[in-house]
Engineer: 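Before anything else, here's the structure in question.
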Amino acid sequence: MSNASTGAANASSFERADDDDRPTDPEERPTTSQSAGTATQTSGGVGGSTTDRGGQATGTGQSTGTGRGGGSAVSTSRGGRGGRGVANPLIKKLPASVRSCAEDGWTFVQKPNKAKIQILSESEYAEQYASKRFRETYMNMADRVSTHCLRYGIDNEDAAVFTALFSNTAVEKIRLHTTEQLIKRGHDAIPTIMEMHQFFGTMFIRSRFRMSNDMFFDSFGALIESKYKVILMKKDRYIAILQCLRGYEVAGRCGDDDEGGTWFQKKNRLRKLEDLEELMFQPTLDIIMNRKSGEVVLDDELIGSRARDVNQARQTHSLRKAGKDGIVADCFACAHTGCMLGMRLRVVGESDQDNVAALCKRLPVLSSQDHDVRLKMDRGFGSKKNVTTVGALGYSMSTIAPEIGSRTPFIYPEVAAEYIKKMRDSNDRNINAKIDLFSEYVLDGNKYGGAQVQCLKKTQSRD
């Protein structure tokens with residue numbers, strides 16, 4: 001890469017200093033380095049020396065820059081994959097706000113504002129970019145469900161598909177621990193998972209009515225059974241199971257079950273549901289996730305809960321959602337069908353970024369060339385750690401990078417202007433060389449009607 005200053009921002013803000021301000025200290029002068037392989041370099045004129053930014057050299061690339069005084073600089077390198085040159089010592093002296101572009105090996109795919117802009121109507125956009133993947137997602141889901149039923153010799157009916165997606169393994173785990181609590185409270189045990197299926201079926205129907213359990217069963221129970229030919233669970237049994245529903249072992253929660261019992265602190269309880277989370281969503285990932293042309297979204301979900309034993313320190317209150325107080329879970333969902341593909345509850349003692357990174361690792365690795373899944377994330381999930389985790393799995397990803405912590409190569413003009421002012425105020429002798437390291441990555445919303453397109457790429461290993 002050359003040290004030519006291709007100003008992406010207002011040129012008047014990034015004028016080079018006078019000749020007297022050129023670096024004089026040999027140790028701080030930008031050096032010419034050679035990456036792994038062969039490199040030939042020619043320079044001319046003041047400021048025409050080329051600078052290796054320490055990025056990785058992959059394949060063959062050429063960059064040309066013009067130094068002050070009319071000279072030119074050309075650098076052509078042929079390096080093996082992963083070859084790394086000697087880093088420019090000035091890079092380490094840049095502040096973190098402008099260092100990423102020079103330190104992390106970013107390269108331009110196309111020069112700023114050279115992209116063609118095409119204006120489409122809403123229907124044209126939907127047909128060209130949205131409809132194809134939308135149709136393929138539903139076709140893929142139908143084919144994979146049919147293949148699953150054929151493979152295991154079951155009928156391709158609604159009840160069979162529901163059982164396949166809500167696996168018996170997860171239901172059995174819930175039945176086992178719910179039975180523990182039922183017996184502890186003096187109720188009858190749940191003998192088989194069939195009763196659990198009846199309970200969940202009744203709960204799904206019950207969720208459509210915004211009223212008390214007594215009013216639902218007394219006023220609408222008989223009518224629903226008669227009209228839709230279903231058998232609801234009896235009211236007393238339904239309420240007993242609902243109040244005793246458990247997702248992990250009951251023994252040892254309060255230390256009063258046996259001598260080896262240990263009291264579980266409230267802050268640790270939600271993480272004990274992790275095994276159940278994976279059991280419930282793994283069949284959905286395996287059966288209906290569209291790996292060929294799917295689109296997946298990542299966002300957080302506020303789960304309303306009044307339970308006293310729920311993580312009080314991790315509860316969240318939302319002003320946008322009336323009556324919503326509870327815990328937050330990070331979730332994956334199909335952008336077209338709305339099917340939930342995975343979730344992980346947030347708990348005390350773990351950062352939100354760590355929680356998202358752990359959730360991303362549950363996604364299947366895309367190893368085939370035919371796989372193309374696009375992942376869309378909100379602004380709060382665009383950290384470098386999350387981007388690296390998802391990229392290693394082979395997913396295409398779109399997100400809004402936060403200003404802090406994302407290591408994005410783009411620089412806001414006010415950030416660059418502030419740093420340059422500090423260098424000028426301190427009579428920094430290396431001001432020209434430092435500006436050359438990051439000036440072409442500075443955004444400028446004042447030109448081109450505020451529309452600016454820049455595309456950069458960075459090589460990342462899956463190891």
Side-chain angles (χ1 to χ4, degrees), residues 158-159 161-163 165-251 253-254 264 266 269-270 272-273 276-277 279-281 284 301-312 314-318 320-329 331 333 338-340 343 345:
D158 292 346
V161 173
F162 175 82
T163 303
L165 296 178
F166 191 13
S167 68
N168 287 339
T169 306
V171 178
E172 174 60 25
K173 183 175 179 63
I174 297 173
R175 184 201 70 82
L176 178 65
H177 301 311
T178 301
T179 296
E180 286 186 79
Q181 188 65 25
L182 284 170
I183 294 177
K184 193 173 182 178
R185 293 189 179 183
H187 299 291
D188 294 335
I190 303 175
T192 64
I193 62 173
M194 293 301 297
E195 187 175 6
M196 286 304 305
H197 281 301
Q198 185 184 23
F199 168 79
F200 287 124
T202 303
M203 184 176 65
F204 291 150
I205 296 175
R206 165 72 183 85
S207 65
R208 307 307 301 170
F209 294 82
R210 192 178 181 86
M211 58 184 64
S212 66
N213 287 323
D214 290 336
M215 182 177 293
F216 168 76
F217 283 99
D218 296 341
S219 302
F220 294 93
L223 177 62
I224 292 173
E225 289 182 331
S226 175
K227 184 176 182 179
Y228 296 102
K229 309 301 181 185
V230 296
I231 301 176
L232 298 176
M233 181 173 283
K234 299 300 181 182
K235 180 178 69 173
D236 293 340
R237 183 61 170 171
Y238 173 82
I239 294 175
I241 295 178
L242 182 65
Q243 293 175 345
C244 296
L245 205 59
R246 298 293 183 270
Y248 64 94
E249 62 277 2
V250 175
R253 290 194 182 197
C254 300
F264 293 158
K266 292 181 179 179
R269 292 187 178 183
L270 289 180
K272 291 184 174 294
L273 293 172
L276 182 60
E277 292 170 356
L279 287 174
M280 293 187 69
F281 291 106
T284 308
E301 179 72 15
L302 183 62
I303 304 174
S305 175
R306 298 178 183 176
R308 290 174 297 178
D309 60 344
V310 165
N311 215 326
Q312 299 295 325
R314 205 58 161 116
Q315 280 199 352
T316 301
H317 175 69
S318 175
R320 295 184 295 109
K321 302 175 182 179
K324 278 283 190 175
D325 291 289
I327 54 178
V328 176
C331 306
C339 293
M340 190 83 77
M343 65 173 289
L345 295 166

Engineer: Give me the atom names and distance for the closest heavy-atom approach of R206 to N213.
Structural biologist: NE-OD1, 2.7 Å
Engineer: Counting neighbours of CG on L223 that are heavy atoms of other residues, nucleotides or ligands and sit closer than 6.0 Å, is the number greater than 12?
Structural biologist: yes
Engineer: Would you compute the distance between atom CD of Q243 and atom OH of Y238 and round it to the nearest 0.5 angstrom?
Structural biologist: 10.5 Å
Engineer: Taking atom CG of D158 as the centre, report whether more than 12 heavy atoms of other residues, nucleotides or ligands fall under 6.0 Å from it.
Structural biologist: no
Engineer: Locate the shortest heavy-atom distance separating V250 from Q181; write the atom from each residue and the value.
Structural biologist: CG1-OE1, 3.3 Å
Engineer: Between V171 and F199, does a side chain to side chain contact (heavy atoms under 4.5 Å, CB included) hold up when you go through it step by step?
Structural biologist: CA-CA 11 Å; V171 178; F199 168 79; over 6 Å; no
Engineer: Looking at every heavy atom in both L345 and A329, which two are closest together, and how far apart are they?
Structural biologist: CD2-CB, 3.7 Å
Engineer: Considering residues, nucleotides and ligands other than R208, do more than 12 of their heavy atoms fall under 6.0 Å from its CZ?
Structural biologist: no
Engineer: Quick check: closest heavy atoms across C331 and M343, and the distance to 0.1 Å?
Structural biologist: SG-CB, 3.8 Å
Engineer: Between F204 and F162, what is the ring plane arrangement, given parallel below 30°, perpendicular above 60°, and tilted in between?
Structural biologist: perpendicular
Engineer: Count the heavy atoms belonging to other residues, nucleotides or ligands that lie under 6.0 Å from CE of M203, then report whether that count exceeds 12.
Structural biologist: yes
Engineer: Compare every heavy atom of I174 with every heavy atom of M196, then report the nearest pair and how far apart it is.
Structural biologist: CE-CG2, 3.8 Å
Engineer: Kindly compute the distance separating CG (L276) from OG1 (T169), expressed to the nearest 0.5 Å.
Structural biologist: 11.0 Å
Engineer: Looking at E172 and I193, would you say the former's side chain and the latter's main chain have a donor-acceptor pair under 3.5 Å?
Structural biologist: no
Engineer: Report the distance from atom CZ of F220 to atom CZ of F209, rounding to the nearest 0.5 Å.
Structural biologist: 6.0 Å
Engineer: Could you measure the distance from the CD atom of E180 to the CZ atom of R175? Nearest 0.5 Å is fine.
Structural biologist: 10.5 Å
Engineer: Enter the distance from L232:CG to Q198:CD here, rounded to the nearest 0.5 Å.
Structural biologist: 8.0 Å
Engineer: Under the side chain to side chain contact (heavy atoms under 4.5 Å, CB included) criterion, do F216 and I205 qualify, and how do the steps go?
Structural biologist: CA-CA 10 Å; F216 168 76; I205 296 175; 4.1 Å; yes
Engineer: Can you measure from NZ (K272) to OH (Y248) and round to the nearest 0.5 angstrom?
Structural biologist: 7.0 Å
Engineer: Does R237 pair with D188 as a salt bridge, N-O distance under 4.0 Å?
Structural biologist: no
Engineer: Between the side chain of R246 and the main-chain N/O of E249, is any donor-acceptor distance below 3.5 Å?
Structural biologist: no
Engineer: Grab the two heavy atoms, one from L273 and one from G247, that are nearest each other, plus how far apart they are.
Structural biologist: CD2-CA, 3.8 Å
